[in-house]
Amino acid sequence: MLKGWQDIRATYYLCPNFVQMITRTEIADLLKKPTLNEDVTVMGWVRAWRSNRFIALNDGSTAGTLQIVVDDSAFPEETLKQIGFHASVGVTGTLVESQGKGQDYEIIAKELTVFGAADPNEYPLQPKRQTMEYLREQGQFRMRTNTFSSVFRLRHALAFAVNQYFHERGYYYLHTPIVTGNDAEGAGEMFRVTTLDPATPPLTEDGTVDFNEDFFGKATNLTVSGQLQAEIGALALGKVYTFGPTFRAENSNTSRHLAEFWMIEPEIAFADIDNNMDLAEDFLKYLINFCLYNYADDLEFLDQRIQQAEKQLPAAQRRPMPLVEMLRFVVENDFARITYTEAVDILRRSKPYKKGKFEFPVEWGVDLSAEHERYLVEKHFKKPVIVRDYPKTIKAFYMRVNDDDNTVAAMDILFPYIGEMVGGSQREERLDVLMQRMTDMDVHHDELDWYLQLRKFGGCPHAGFGLGFERMVQFITGMGNIRDVIPFPRAPRLADF
RNA sequence: GCCUCAAUAGCUCAGUUGGUUAGAGCGGCGGACUGUUAAUCCGUAGGUCCAAGGUUCGAGUCCUUGUUGAGGCGCCA
């Protein structure tokens, strides 16, 4: 029986005859292993149609294009007329070394099929630079552009790297619920989930909505965090992570916030705040490295694009270093690590503080604002900064109270351009301290009884953090607006597609 | 939610102290072109100047309100 199982495993892993695309060769494969002077079939979308003779073809498998050489006397005029920007075509022909500059290989077309023309009179995109705002309105087409196809290849790369990183290190991927009955997760406004008729909901005797009649028999919402449930997993499986959609009904109108975003939340048992920071720093560097090694051409394209756009900006508004250089800089240098108290000291000794340039006050006990975080990251340390040990009055109830009784073992990782990339903490494992904190912060014990029981029975020191996935995609791609790194952004007044 | 800015051709923008017929580049259409790289060259069509109201002899331009978008802030990841 064991032998049979091993055979199945061997077959599965070796995959000698895995299913291949038999109708076409993908351009990425062709450029990696060019089969010169052989006939190949490629299919994709026309990125440029030059001189009635050359097609730059892209099939999404790579940032690059493959040049197709078309002899206009060999094909009917009707077919040639349909070749245009973003028309989809299939070509069979001989792969040869290119006679022109700008590309190594090209296909001399023998057969040419236009699957779908894109009438330029009506097609909304044009072969030119278009604004991100306009392309956002054309969400059904924007992934065909160089910029967005690179962004979404990198988004995939990061999602894959997240799972690979944790899997290789013995973490279990835990799926926490999207619909939650918790009323007290304390991470922002929630979207209500209900099947009740909004016009005539059932009412209780005192006139409030009777959620007992609702689908789940109670008031439910979309999750704002999987952390509390991830703690259940960590205290059983040791190391877990969540990676799923998260919803915040905040009226946030910024380039760094979405109403629906993806969050990664590792949670580890027998770990403290220092282990937590080490994990977060290592994890972030791994993600960046993964993209640098495996998606260099997409990063290179985005880098060039940003540099070209910045030529028109005054020097002060340009990036201090180009995209790829900055990504390398981040992985090659240790993050700065300071306490909240040290951060306040640095800020109070800073030039902008002394000159009264800060809009918001810098005093112990008040949360840092964006201008303070930017000073620390972009001016003082010039690299990512981890700030730890915040005043307990400004942080969530579940964060572990330090021995000084004034601060909690919380940590935020601040990145240039993005601000807060990670927020995490060591969790309060002491039942009495946790209950006191909940009382102080007006969180009802009975609603989170299950959470308290994790401390009462077999609790242990544990820690974790939340990473905003789109913010990471934003940092790595250099995109200015978070709405352009998720395929279908949801934000206040925005739920198209 | 708050502050600032913007809205003119299909797209990206210019439009002077308020003055006659609204400008460009790209794209489209027609033509030329057998090695192009956002190809190039010639020709050509294309506008309810975001909406409503107001000031004025006269408004793309000034004022009010609204709508939409961007940037910043707050909330946070």
Side-chain angles (χ1 to χ4, degrees), chain A residues 46-56 64-74 81 84-85 96 98-103 106 108 118-138 145-146 185-189 224-227 242-243 245-265 280 305 308 312 317 358-360 367-374 394-396 412-415 418-424 465-475 480-484 486 491-494:
Chain A
V46 174
R47 286 283 169 84
W49 174 225
R50 293 185 288 260
S51 193
N52 253 344
R53 190 169 171 80
F54 304 101
I55 296 171
T65 56
L66 181 65
Q67 176 154 284
I68 312 296
V69 184
V70 180
D71 179 354
D72 60 0
S73 63
K81 278 205 109 139
F85 185 61
V96 297
S98 178
Q99 292 176 41
K101 293 169 186 170
Q103 62 278 317
E106 62 193 15
I108 310 296
D119 182 357
N121 265 317
E122 294 179 57
Y123 187 58
L125 303 197
Q126 295 173 7
K128 62 176 282 193
R129 234 188 116 72
Q130 305 203 258
T131 59
M132 291 299 121
E133 294 78 43
Y134 178 73
L135 292 171
R136 213 175 289 149
E137 290 169 11
Q138 310 296 333
T145 65
N146 292 328
E185 287 173 358
E189 294 293 313
V224 293
S225 163
Q227 179 204 313
T242 74
F243 182 15
T246 309
F247 306 86
R248 304 264 168 100
E250 303 285 348
N251 191 11
S252 296
N253 295 287
T254 81
S255 56
R256 310 181 298 283
H257 289 88
L258 290 164
E260 175 183 296
F261 64 101
W262 286 62
M263 187 153 64
I264 298 147
E265 295 176 291
R305 181 190 152 272
Q308 288 219 335
Q312 293 155 18
Q317 288 174 38
F358 286 139
E359 188 187 342
F360 292 92
D367 208 357
L368 305 177
S369 58
E371 57 178 356
H372 306 139
E373 294 177 352
R374 264 216 310 280
I394 58 173
K395 288 291 183 181
D412 284 359
I413 304 185
L414 311 176
F415 262 56
I418 310 292
E420 190 177 337
M421 179 73 79
V422 162
F465 61 83
L467 167 70
F469 183 62
E470 282 76 16
R471 288 191 181 172
M472 195 61 194
V473 182
Q474 228 188 322
F475 181 72
N481 194 314
I482 201 166
R483 296 169 185 200
D484 299 325
I486 187 168
R493 310 192 58 79
L494 183 67

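These numbers were taken from a predicted model, which means no experiment stands behind them. Below, chain A is the first sequence line, B the second, and so on; all start at residue 1.
Using a 4.0 Å heavy-atom cutoff across all strands shown, A:Thr65 reaches no nucleic acid atom at all. Contact annotation for A:Met472: no contact, since no heavy-atom pair falls under 4.0 Å across all strands. Across all strands, A:Arg493 comes closer than 4.0 Å only to sugar-phosphate atoms, never to a base (heavy-atom distances). Within 4.0 Å of A:Gly100, counting heavy atoms only, lies at least one base atom of the nucleic acid. Residue A:Phe85 is out of contact with every strand shown, counting any heavy-atom pair closer than 4.0 Å. Here A:Gln67 lies in heavy-atom contact (under 4.0 Å) with a base. Using a 4.0 Å heavy-atom cutoff across all strands shown, A:Glu106 reaches at least one base atom of the nucleic acid.
Checking the phosphate oxygens (OP1, OP2) of B:U36, no side-chain nitrogen or oxygen of A:Arg50 falls inside 4.0 Å. Taking 4.0 angstrom as the limit, A:Arg374 places a side-chain polar atom (N or O) nearer than this to OP1 or OP2 of B:C73.
In this structure, A:His257 and A:Glu250 have side chains that are not in contact, with every pair of non-hydrogen atoms separated by 4.5 Å or more. For the pair A:Phe261/A:Arg248, a side-chain contact is recorded, criterion being any heavy-atom separation below 4.5 Å from C-beta on. The shortest distance between side-chain heavy atoms of A:Phe243 and A:Trp262 falls below 4.5 Å. Between A:Arg305 and A:Asn146 there is no side-chain heavy-atom pair separated by less than 4.5 Å.
Side-chain proximity of A:Asn52 to the nucleotides B:C33, B:G35, B:G72 is greatest for B:C33. Nearest to the side-chain atoms of A:Asn251 among the listed nucleotides B:A70, B:G35, B:G1 stands B:G1. When distances run from any side-chain atom of A:Pro120 to the nucleotides B:G28, B:C33, B:A77, the shortest one goes to B:G28. Listed candidates were B:G30, B:G35, B:C73. Nearest to the side chain of A:Lys81 is B:G30. Checked against B:G74, B:G71, B:U37, the side chain of A:Ser255 finds its nearest nucleotide in B:G71. Closest approach to the A:Ala370 side chain among B:C73, B:U67, B:U37 is made by B:C73 (side chain taken as heavy atoms from C-beta onward). Picking from B:A77, B:G1, B:G69 the nucleotide with the shortest atom distance to the side chain of A:Arg136 gives B:G69. Nearest to the side chain of A:Asp367, among B:C76, B:G28, B:G35, sits B:C76. Nearest to the side-chain atoms of A:Arg248 among the listed nucleotides B:A77, B:C29, B:G74 stands B:A77.
Side-chain atoms of A:Arg53 and base atoms of B:U36 include no donor and acceptor less than 3.5 Å apart. Contact of A:Glu371 with B:G72 (side chain to base): no donor-acceptor pair of N or O atoms is detected under 3.5 Å. In the interface, the side chain of A:Gln103 is paired with the base of B:U36 through a donor and an acceptor atom under 3.5 Å apart. A donor N or O paired with an acceptor N or O is found under 3.5 Å between the base of B:C76 and the side-chain atoms of A:Arg471. One N or O donor and one acceptor, one from the side chain of A:Ser252 and one from the base of B:C75, sit under 3.5 Å apart.
Per the stacking criterion (ring centres < 5.5 Å, plane angle < 30°), A:Phe54 does not stack onto the base of B:G35.
The CD1 atom of A:Ile418 sits 15 Å away from the P atom of B:A77 (whole-angstrom rounding). Protein atom CZ of A:Arg256 is 12 Å distant from nucleotide atom P of B:C76, rounded to whole Å. Rounded to whole Å, the distance from CD on A:Glu189 to C1' on B:A77 is 16 Å. Rounded to an integer number of Å, the gap from CZ of A:Phe469 to P of B:C76 is 23 Å. A:Lys395 places its NZ atom 8 Å from the P atom of B:C76, with the value rounded to the nearest Å. A:Arg305 places its CZ atom 15 Å from the C1' atom of B:A38, with the value rounded to the nearest Å. Computed from coordinates, the A:Asn253 CG to B:C73 P distance equals 13 Å when rounded to whole Å. Protein atom CG of A:Asp484 is 13 Å distant from nucleotide atom C1' of B:G69, rounded to whole Å.
Atoms CG and CZ, on A:Leu258 and A:Arg256 in that order, are 11.5 Å from each other to the nearest 0.5 Å. Within the model, atoms CG of A:Leu125 and CZ of A:Phe85 stand 6.0 Å from one another, a figure rounded to the nearest 0.5 Å. One distance of note links OG1 of A:Thr65 with CZ of A:Arg47; it measures 8.0 Å at 0.5 Å rounding.
Residue order along RNA chain B, read from the 5' end via each residue's closest nucleotide, puts A:Ile108 first among A:Ile108 and A:Ala48. When the nearest nucleotides of RNA chain B are assigned to A:Leu125 and A:His257 by heavy-atom distance, the more 5′-ward of the two goes with A:Leu125.
In terms of modelled atom types and a separation under 3.5 Å, the side chain of A:Gln103 and the main chain of A:Lys101 share a donor-acceptor contact. Counting only distance, with no hydrogens or angles, the side chain of A:Arg471 and the backbone of A:Glu420 share a donor-acceptor pair below 3.5 Å.
B:U20 makes up no base pair with any nucleotide shown, lacking Watson-Crick or G-U wobble contacts both under 3.5 Å. Base pairing of B:G1: its partner is B:C73, meeting the Watson-Crick or G-U wobble criterion (both donor-acceptor distances under 3.5 Å). Base pairing annotation: B:A6 forms a Watson-Crick or G-U wobble pair with B:U68, both donor-acceptor distances under 3.5 Å. The base-pairing partner of B:U44, taking Watson-Crick or G-U wobble contacts with both distances under 3.5 Å, is B:G28. Base pairing of B:C62: its partner is B:G54, meeting the Watson-Crick or G-U wobble criterion (both donor-acceptor distances under 3.5 Å). Searching all strands for a Watson-Crick or G-U wobble partner of B:A14 with both distances below 3.5 Å returns nothing.
Considering A:Leu66, A:Ile55, A:Val69 as possible partners of A:Glu106, the one that fulfils the side chain to side chain contact (heavy atoms under 4.5 Å, CB included) test is A:Val69.
Aromatic pair A:Phe358/A:His372: centroids less than 6.0 angstrom apart.
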Might you list the N or O atoms of the protein lying below 3.5 Å from N or O atoms in nucleotides 11-13 of chain B, with each pair's distance?
residue	atom	partner	partner atom	Å
B:C11	O2'	A:Gln130	NE2	3.2
B:C11	O2	A:Lys128	NZ	2.4
B:U12	OP1	A:Thr131	OG1	2.8

